[in-house]
Amino acid sequence: MNTNKASTINLLALAAFLATSLLANTSMAAETYDADKYGPQEPIVWTTPTKSTFTHKTHTMDAGLACDSCHEKIFAMERGSAEKAGDFSMKSFKEGKYCGSCHDGSTAFNTTTQCGSCHSAPETPIIFTAPVKAVSFEHSIHLKKGGLTCEACHKEVFAMKKGSVEEAEKTGTHQGDKREYLEKLHNKYCGTCHNASQAFGYLTRCTVCHIGVKGNNALQGGDQKKQKHGDSKH
Ligand code: HEC
Ligand code: HEC
Ligand code: HEC
Ligand code: HEC
Ligand code: HEC
Ligand code: HEC
């Protein structure tokens with residue numbers, strides 16, 4: 001039938017295209033990107049206070065922006081200068097500065113969305129160590145199995161910074177009913193989802209979270225009954 005023929009032709013064309021682009025990629029990868037025309041090829045990566053990445057290619061070659069749409073009125077042509085200014089932050093972006101002068105939801109996607117386009121989640125588990133040891137949180141489970149976006153947690157529940165729960169709870173005084181206190185604590189964080197409807201409930205499966213992480217010798221296991229005093233492996 002016609003459609004079959006058409007798709008065979010398309011497949012052949014695709015195969016030819018793939019073959020040529022494969023060749024192009026292997027033999028002249030360095031030459032295909034013109035840094036004079038599109039800006040430095042190497043991504044610009046910030047690491048403090050959190051990690052984020054900017055690539056010239058996606059802005060110049062792909063989105064068609066000219067150098068002067070950013071240089072010098074938004075960014076100096078020097079790595080590190082925005083950071084030095086001291087106000088290179090999400091707050092400034094929301095006020096329309098730096099990345100936020102375009103990433104406002106009209107020229108380009110808003111910085112209140114798609115956190116994962118500019119930021120990347122840590123690959124190693126985050127271990128909460130206080131007030132009780134060995135609560136393990138893995139981003140990959142939540143992103144893959146849970147199918148969640150960064151915004152599901154980082155807009156309201158968690159700061160995008162290790163230790164912020166512990167910091168917030170350090171001053172929290174544990175008064176009155178222990179059970180009520182624990183429920184409040186869990187409901188504020190993991191329990192916003194781990195409520196037996198969106199994800200397994202925290203009230204039933206304590207040791208799924210409160211458990212030593214495999215291979216992590218520093219941990220003695222969050223299950224207090226199994227914890228032997230003085231048995232710390234560092
Ligand atoms: C969408 C915004 C944007 C556009 C468009 C853009 N740049 Fe940049 N450029 C940046 C940012 C952000 C930095 C890093 C500035 C900082 O760290 O303060 C940068 C830095 C640079 C640097 C310094 C790199 C280094 O390692 O010090 C050069 C050179 C540069 N850009 C060249 C260009 C050229 C050439 C073009 C046009 C082809 C261009 N840029 C277009 C945003 C842009
Ligand atoms: C268009 C790119 C972009 C998007 C989208 C984006 N960020 Fe950022 N973010 C940055 C850059 C650039 C910085 C400053 C340098 C750094 O610390 O990495 C930053 C900094 C931060 C910081 C450090 C402290 C602060 O407040 O500035 C946090 C936390 C953060 N982003 C969280 C988020 C969250 C949560 C989202 C999604 C709701 C998000 N970001 C979306 C680019 C982006
Ligand atoms: C002059 C306008 C402008 C500025 C300034 C700007 N961007 Fe963009 N950015 C765009 C446009 C346009 C696109 C493509 C359209 C879209 O994705 O919404 C884009 C796309 C992106 C993408 C998606 C690339 C992809 O994977 O397709 C990322 C990530 C990004 N920008 C990060 C940043 C960061 C980080 C900064 C600040 C350091 C920044 N941008 C500053 C205009 C800008
Ligand atoms: C299910 C909730 C959840 C989701 C979804 C999630 N995170 Fe997180 N993230 C956390 C928790 C919890 C922490 C640790 C907070 C603490 O220690 O107080 C954290 C911490 C971080 C940190 C700080 C790491 C450090 O070493 O300081 C970064 C960066 C981060 N997340 C990025 C992301 C990005 C990018 C995405 C999306 C791709 C994402 N997260 C999705 C819950 C989540
Ligand atoms: C935004 C919602 C959300 C938040 C907040 C959240 N989780 Fe989850 N979590 C999920 C979903 C969805 C799954 C996958 C479905 C399931 O296992 O019930 C999951 C799965 C898990 C698993 C894997 C369970 C298994 O059987 O493999 C663990 C462990 C876990 N979460 C721990 C935590 C911890 C610790 C926190 C707090 C630091 C947390 N989660 C916060 C939504 C969330
Ligand atoms: C979805 C993950 C998760 C589950 C399930 C869970 N917790 Fe927690 N729990 C946490 C996190 C995160 C903290 C705060 C960080 C820390 O203490 O290490 C915490 C803290 C605690 C604390 C310390 C509070 C303090 O201030 O002294 C106790 C005690 C506790 N949990 C008991 C339990 C019990 C009992 C269960 C089962 C009924 C349970 N947790 C189930 C994640 C979980």
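In listed order, ligands and their atoms are each counted from 1.
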Nearest heavy atom to [atom] wins, so pick from [options].
atom	options	value
atom 10 (C) of ligand 4	His154, His142, Lys155, Glu167	His154
atom 9 (N) of ligand 4	His139, Met160, Lys162	His139
atom 38 (C) of ligand 1	Cys102, Pro40, Ser69, Cys67	Cys67

- prompt: N/O/S of Cys115 less than 2.8 Å from atom 8 (Fe) of ligand 2?
  reply: no
message: Counting backbone and side-chain atoms alike, is an N, O or S atom of Thr111 positioned under 2.8 Å from atom 8 (Fe) of ligand 2?
response: no
query: Hey, are Glu83 and Thr48 close enough side-chain-wise for a donor-acceptor pair under 3.5 Å?
result: yes
For [atom], which protein heavy atom lies nearest, and how many Å away is it?
atom	value
atom 37 (C) of ligand 4	Cys150 SG, 1.9 Å
atom 24 (C) of ligand 4	Pro122 CG, 3.6 Å
atom 15 (C) of ligand 4	Lys161 O, 3.5 Å

query: Would Thr113 count as a contact of ligand 2 if the rule is a heavy atom under 4.0 Å away?
result: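 Yes, Thr113 has heavy atoms under 4.0 Å from ligand 2.
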query: Non-hydrogen atoms of Tyr98 versus ligand 2: any pair closer than 4.0 Å?
result: no
- prompt: Applying a 4.0 Å heavy-atom criterion (strictly less than), which segment of Val157 is in contact with ligand 4: side chain, backbone, both, or neither?
  reply: neither
message: With heavy-atom distances below 4.0 Å as the criterion, list the atoms of ligand 1 near Ala82.
response: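 Selected atoms, number and element: 16 (C), 18 (O).
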query: Considering only heavy atoms of Thr48, which atoms of ligand 2 have at least one such atom less than 4.0 Å away?
result: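 Answer, ordered by atom number: 16 (C), 17 (O).
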field: Atom indices of ligand 2 within 4.0 angstrom of Lys51 heavy atoms, with elements
entry: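 Result: 18 (O).
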message: Working to 10°, measure the angle at atom 8 (Fe) of ligand 1 formed by atom NE2 of His56 and atom NE2 of His71.
response: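 The two atoms subtend 180° at atom 8 (Fe) of ligand 1.
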message: With the threshold set at under 4.0 angstrom, would you say Tyr189 reaches ligand 4 through any of its heavy atoms?
response: no
query: Under 30°, 30 to 60°, or over 60°: which ring-plane class applies to His139 and His154, parallel, tilted or perpendicular?
result: parallel
task: Please say whether Thr50 places an N or O atom under 3.5 Å from an N or O atom belonging to ligand 4.
output: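 So ligand 4 has no N or O lying under 3.5 Å from an N or O of Thr50.
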query: Which bit of Phe109 gets closer than 4.0 Å to ligand 2, counting heavy atoms only: side chain, backbone, both or neither?
result: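 Looking at Phe109 and ligand 2, just side chain atoms fall under 4.0 Å.
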query: Counting each atom of ligand 4 from 1 as listed, which ones have a heavy atom of His119 under 4.0 Å away?
result: 35 (C)
